[in-house]
Each structure stands twice: as structure tokens, then as C-alpha cells.
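For reference, the structure is listed below as C-alpha cells.
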There are 2 protein chains.
Amino acid sequence: MSDGPTITTIAERAGVSIASVSRVLNGLPTREDTVRRVLSAADELGYVPNSVARSLKSRRTNQVAFAMADIGNPVYLTMVREIQPVLKAAGYRLVLHSTDADVAEEIDVLRSLGERYVDGLIMIPLRIGEAHLKAVEAARAPVVIIGSVPDGTRVDNVRTDSRTGVRLALEHFHSLGRRRIGFVNGPLDTVPGSARSTAYAEGIRELGLPYDENLVEIGDFYRAEGAQAVSRLLSRAPDLDAVMCANDLIALGALDVLRRAGRRVPEDVAVAGMDDIDLAAVAWPSLTSVSLGSAERGRLAAELLLDRLGNGDRDPKVVTVPPHLMIRASTVGEETP
Amino acid sequence: MSDGPTITTIAERAGVSIASVSRVLNGLPTREDTVRRVLSAADELGYVPNSVARSLKSRRTNQVAFAMADIGNPVYLTMVREIQPVLKAAGYRLVLHSTDADVAEEIDVLRSLGERYVDGLIMIPLRIGEAHLKAVEAARAPVVIIGSVPDGTRVDNVRTDSRTGVRLALEHFHSLGRRRIGFVNGPLDTVPGSARSTAYAEGIRELGLPYDENLVEIGDFYRAEGAQAVSRLLSRAPDLDAVMCANDLIALGALDVLRRAGRRVPEDVAVAGMDDIDLAAVAWPSLTSVSLGSAERGRLAAELLLDRLGNGDRDPKVVTVPPHLMIRASTVGEETP
DNA sequence: TTGTACGCGTTATCAG
DNA sequence: CTGATAACGCGTACAA
């Protein structure tokens, strides 16, 4: 637990200058004898380079941050699992931020990039406003945003197409003969909330179905809140035969509520979610879900950031991951064992 | 994206020395006029302190690392969610390491503490050997280990009592009239694997039941591997009426397998897991599980570390979190809706 | 090939 | 109350 040797300590021990120590440690050409003495001294002393001092000089920390809304949401977890190895392979450590979907906190993270404790940031904000965009463009380190930003914003951006995603699910319901399709959404002032809201309205019309506002309910993107919203929806529209949920946590809440209400899934009410989290396949019945390619979006974001770190001046890139529908028991019934 | 102002920039702009700038920024007593000029200069320039330079001087990074076996395991996630706010409230950032339960990687994390990029470490190793203990005691920053270390090891340590935990579940099975109680474990060379193995053997004997090695199967602590192990167990001991699983992922795998095999849970076979992860309550049927207080262990570890960071010389503490049984449908049948 | 000396941005000490 | 200056540990021109 002592204070740790520095290159000065090693230099004294090896009888050379600190410059030589530094050279040897960095693999620069040095006389073989010197190399040996430095290395053995370093070894005996258990030397470990001080990354802070190194960073001050090199202006790189080899750390990257990932800021997500809620570390407890499986979607973000999936992304972490993809981002981590990509960055690790490139020699970066991952620092996590959980912002609780709080705008002020997110902007604070952006601002804190000026502290230079990370070389870059991957961020997935729930709400994106003027303040965000200004902060992003003023950021002092490369930033990649997961989630659609307004066109023309100068940021690397990984997006998905949740509009198409919602449509895939609605068409699936329709093809199964469902005509009273409810929709449970999260807050409308969030990026996914607003996108999915318009997608539902459009999708319903394209199917030639009437838009009935009694079929729409708004809660939040969590399981408990989702369940409550589904309850309200059920009492307002008892005749519904399908429920589209804006994410899987809401959909899992829907399964709970429907079971308690004695409605069979999918015979009475079919259910679909979005995100295709791991729990979707686990649920009972297993949950049909629109995959938004969370794993792939995470990986792409990491790759985009690495690319940018290696080449700071290229133009911003936008990458889009297409959604696809994972059909499971909650819409088509149980597979036979 | 410019290079960012430093206190020197501010000093020039405000027409004072860098010392004064530093004083103002750190709230040290300064003439009001100076304060104003410095603050406005800092504001105009959008100054953000360089945390790397500060760390070099102060020898503190205000970062703490958490090293877990697998970032995908809900148990560790629960811990992260508890650790994070405790540390954040104390002004620390969290850096995550996923070691894939690899001993070499874990020791590398310990060694890397010498790099001074974090002020402390919370670690939860699956296997704890001589190498670990040596590395821990040689570590150059405070370490807290979650998981039992040998008595006498000089480390802050948060443990649980999985022996009692296994016993709770076995007694529960026994009280339900089950007598052919199988056991599916993870690798025996892991800390939890070995503890739970002996706990099962002891518990069975204490209940006056014969120890039948056909009732014991070893796989790994993941869902798929657990499911395979349960399959093997079922074919070797088709008459079992209960399965104790060494963690919840295995237990979820057990539910899958039993369902496919046409065995009703709990009527034909009762199932219990350990860890009480969130998915346990979600599963169908909901899963009886031995809670090992993951959230509390995480919180305690964070508090222990903070305490140590504030007072480096106290004696190591050992804190134990008692297990308790969460009884759900997989052993007692479905609650009525 | 090696050593000296400076700078990275801060904080802290010590005169003025 | 303020300003010059010395660290912190490392990398690296530049000189020897």
C-alpha cells in the first residue's frame, strides 16, 4: 500500500536518467544493457505507469463514457455488452453514466467532457432538445448519439426506424384478423414516444382502420407504469383484441394485467412490444416484439466513435439499423412442446 | 471543438495570476473585485477544469471501479444500480469492468489499480485463489471484495451465507412433502459453487434424507447450460419431485426444460433458485428463490469503500448479509388472480 | 545512445 | 490579498 515507484525511482535504482527509463518503457531504441537494467529495476520495484500523469502529457485518457437513461433497462444493458468489447479491443475503458432520463444531467455529462477525463462519449438521450444539440456541437470530445437527431445536426448518429417498426407490428396484428388494436405509449415529449405515436396513427390509417383515441393510452416506459396504463386502456376499451406496446417493459406489464383480468393471450388479446429485450423470449407467453437491433446499434456506435477518435475531422455519419419483427406466442399462440 | 481554456488563459484575460484564478475557482478567500473578474472571464471562455491535471496534483481521481464476472448477469446489474447512486452522492464516477470470470483478467484489474486511474475498487470474483489474495493485499488502492474470502485476509469484505440459503430452500421443499430433491450446481471450483455444493449435502442429511449422487448435476451458472444440466438430471433421476438450482438463471432454464418435458411446476416438480433476480418474479410460474440480498450487498460494498476512502487505516471489516426465502408459485402453486 | 530541461494544467507554499 | 514558483509523473525536443 506504499506510494508506488515512479520512473525517477527506477532511474536511481538502475543508475540511468529518467529519459532512458521512459524510452525503455516505451520501446524506443536503447542500448541493450540499459534496457536490461531498467527492466529489472522496474520489475523489482513493481512499477506501474501512472496513467494520470501520462494522460496529462499525451492528452488522451483511453477512457470512453456511455451515458444512458437508466442502467436498469435491459435495452441499454444489451448495448453495454456490445460496446464494451469493441472498446476494450481498442484499448479503451468504459465509464458508465446513468442519467435517469434527466435533461439537466445529460447536458452536464456533455459539459463534463471538457474535464478531459474521457476521450469520447456515446449517449442515448430520451429527449433531445435545443439545449442538447447546442451542448453536443460545443462538446470538447467526440460524441456519438444513439437515437434520431434532427437532420443536419453535426454529430455521428446511430438511429433506428421505429416508425417502420410500429407498422410491422400493426400489419402483423391486422393479418391475424385483429381490428381493435390498442396502443400504450410512453411520454410524448421523448424521442421514441413521439415517433411511435405518429407511427401508430399513420399505421392504423394505412390499414384502413379508424383512429379511435379511446384505444390510446400514455404511461411511461417502465413495467409498473405500463401495467397501469394498460389497465386504464382495458377499462376504456374493453373490446380491444390487440395491444401494441411502445416497449417491451410496458408489454410485460400488459401480460401481467391481462392475466389478472382473465383475458387469454393471444386468444382474446394479442400483445406485441418493442426492443426485443432478452426477457421477451423468456416471458410467458413469450412476447412478440419489434427488434430495433439494440445490440447492433451499440456496436455501430462504438465503431463510429473509434473511427472518429482515429480521424477527428471527417464528416459526421448517420447509420440506420432496420427494425424487424420477432414473432412469438403472445400474438400467434404457443408453439407445441 | 477548440483546445479549451486553462487557468492561464483566464489569468491573462482577467489580468491576474494563475494563483488567484485557482483560489477563486476553489472558493478560497479573495478580494471581491478579483473574484468578479476571474469568474466573468471563466464564464466568457467557457472554462472547464481539467480533471486529469487536477488528479495528478491531488492524487485523487474521483473514480471508482466495479469489476464483475459478467455484465450480462442481472445479479451484478442489481448491484450496479445500488452502488452507482451511493458513489455518485459522494462525488465519484463508476467505471465498469467485465472480467468474464477470468482469473487473469481479474488480477489484471487489481494490478491496474497502480495506474491510479481510480481511487478504489469493488470486485466480485467467481473464483478466489492465492493469486487473488496476494494481488488484493498488494493493491495500491482500497479494495472491497463481494464474496467470501478466507478468514484473516486483510480486505474489506461483504459476504452472504449461501449455506443457510440453500438450507432454507431445502427445508421449504421438505415441508411441502418433497423427498426426492435434485440439485443443479455451477462449477465446483468457484466460490459459490463449492459453498452451495457442501450446503446441499449437509442440508439433505440434516433433513434425514439419503444423499443420492444421481440427484446432483453440475453445469454452469448460465441459463442454457443450466437447462442442459437439468435435462441430464431428469433422465438420470426421473422420479425427482423438486429441483434446487444454484442460481436463478439455472432455475429459469429448469422451468423451460420441465415445461417441454410435460412436467407441471410445482405439482410434479417444485423448483427453487438463488439470487432472487428481477426475472424470478416475472417468470411463469413465478420462481421461488433464495434472496442473497444482492442490492444490499452492493450498497454495503459501496459504503465500505467510501468509508475506507475517507479513513485508509482502519482495520478491514467483514459484513454479512443474511439470506431469506422468497416463496413463489414454482413451489407452492399459482396465487389466484 | 544518453542526459538535461521543459511543458502538460493544477494546487499549494511562501514571500511580498 | 496576491503573485511567483515549485511540485505532481511522464514524454520528448534538444544538446552532448
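The chains referred to below are lettered A, B, ... by the order of the sequence lines, with proteins before strands, and numbering in each begins at 1. The model shown is predicted, which means the values in this text are computed figures rather than measured ones.
Distances were taken from every side-chain heavy atom of B:V16 (C-beta onward) to each of C:dT11, D:dG3, C:dG3; the shortest belongs to D:dG3. Ranking C:dT10, D:dA4, C:dG3 by closeness to the A:A19 side chain, first place goes to C:dG3.
Side-chain nitrogen and oxygen atoms of B:S20 include at least one within less than 4.0 Å of the OP1 or OP2 phosphate oxygen of D:dG3. Using a 4.0 Å cut-off, some side-chain N or O of A:Y47 falls inside it from OP1 or OP2 of D:dC10. When the side-chain nitrogen and oxygen atoms of B:T6 are compared with OP1 and OP2 of C:dG9, none of them lie within a distance under 4.0 Å. Distances shown here put a side-chain N or O of A:S22 below 4.0 Å from the OP1 or OP2 atom of D:dG11.
Although no hydrogens or angles enter the test, the distance criterion places a donor-acceptor pair under 3.5 Å between the side chain of B:K88 and the main chain of A:S98. In terms of modelled atom types and a separation under 3.5 Å, the side chain of B:S22 and the main chain of B:A19 share no donor-acceptor contact. Counting only distance, with no hydrogens or angles, the side chain of A:R297 and the backbone of A:V321 share no donor-acceptor pair below 3.5 Å. Between the side chain of A:T190 and the backbone N or O of A:G193 there is at least one donor-acceptor pair closer than 3.5 Å.
The number of heavy atoms from other shown groups lying within 6.0 Å of NZ (A:K134) does not exceed 12.
For the atom pair CG (A:L87) and CG (A:L305), the distance works out to 6.5 Å, reported to the nearest 0.5 Å.
In this structure B:K57 satisfies the salt bridge (charged side-chain N to carboxylate O under 4.0 Å, His left out) test with no other residue, sequence neighbours excluded.
The two residues A:V24 and A:V35 make their nearest non-hydrogen contact at CG2-CA, 3.9 Å.
Rounding to whole angstrom units, CD1 of residue B:I7 and C1' of C:dT11 are separated by 8 Å. To the nearest angstrom, P of C:dT1 lies 19 Å from CD1 of A:I18. Taking atom CG of A:L45 as the reference point, atom P of D:dG9 lies 14 Å away to the nearest angstrom. Separating the CZ atom of B:R140 from the C1' atom of D:dG9 is a distance of 14 Å, rounded to the nearest angstrom.
For the pair A:E303 and A:K317, the salt-bridge criterion is not met [side-chain N within less than 4.0 Å of a carboxylate O].
Listed by residue number, the members of residues 24-42 of chain A with any heavy atom below 4.0 angstrom from DNA chain D are A:N26. DNA chain D is contacted by B:L56, B:K57, B:R59 of residues 49-65 of chain B, taking any non-hydrogen atom closer than 4.0 Å.
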